[in-house]
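Each residue takes its place number in the sequence, starting with 1.
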Amino acid sequence: MLVTPEEEGVLVRLAAEQGVTVPRLLVEAATAEPAGETASDRRELLTELFGVHRALGAVGNNLNQLTRAANATGDLAVELEHTLAAVRRQLVRLDDTLDGLAP
């Protein structure tokens, strides 16, 4: 397949932006879902999902600590309100990310 120098420049630029080779870019473009999801789109989504996963794990640890303290003393820590707010923020972040997956 022959391309013009201008087309080659566009392909090289797009491949570089997505961190793939030109042949990989062409294969992914040809086999992409109708929505046109690219390798960089998938990497970006996975990065966001891993970030949400880590954040929820950290918040879960905080909740466990606060629960243990509440069970031991009978008092709820002031930090509980902040931790629950963090849970809500991360769930909104997760919902937004998952909404971005919908066609």
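- Each salt bridge (charged side-chain N to carboxylate O under 4.0 Å, His left out) pair with one or both residues in residues 51-78, not counting sequence neighbours, would appear here, but there are none.
- In this structure, Glu81 places its CD atom where only 12 or fewer heavy-atom neighbours from other residues, nucleotides or ligands lie under 6.0 Å away.
- Here the closest heavy-atom approach between residue Val20 and residue Arg24 is recorded as CB-CG, 3.6 Å.
- In this structure, Asp95 CG and Gln90 CD are separated by 11.5 Å, a value rounded to the nearest 0.5 Å.
- Checking Thr4, Leu11, Val12 one by one against Glu8, the side chain to side chain contact (heavy atoms under 4.5 Å, CB included) holds for a single residue, Val12.
- Within the 4.5 Å cutoff, the side chain of Val59 has no heavy atoms near those of the Leu84 side chain.
- Between Arg93 and Glu48 the shortest side-chain heavy-atom distance falls below 4.5 Å.
- Here CG of Leu80 is found 10.5 Å from CG of Asn62. Values are rounded to the nearest 0.5 Å.
- For the pair Leu76 and Ala70, the tightest heavy-atom approach, listed with the atom from each and the gap, is CD2-CB, 3.9 Å.
- Within the 4.5 Å cutoff, side-chain heavy atoms of Arg13 are placed close to those of Val10.
- A distance of 11.0 Å separates CG of Asp96 from CG of Leu91, quoted to the nearest 0.5 Å.
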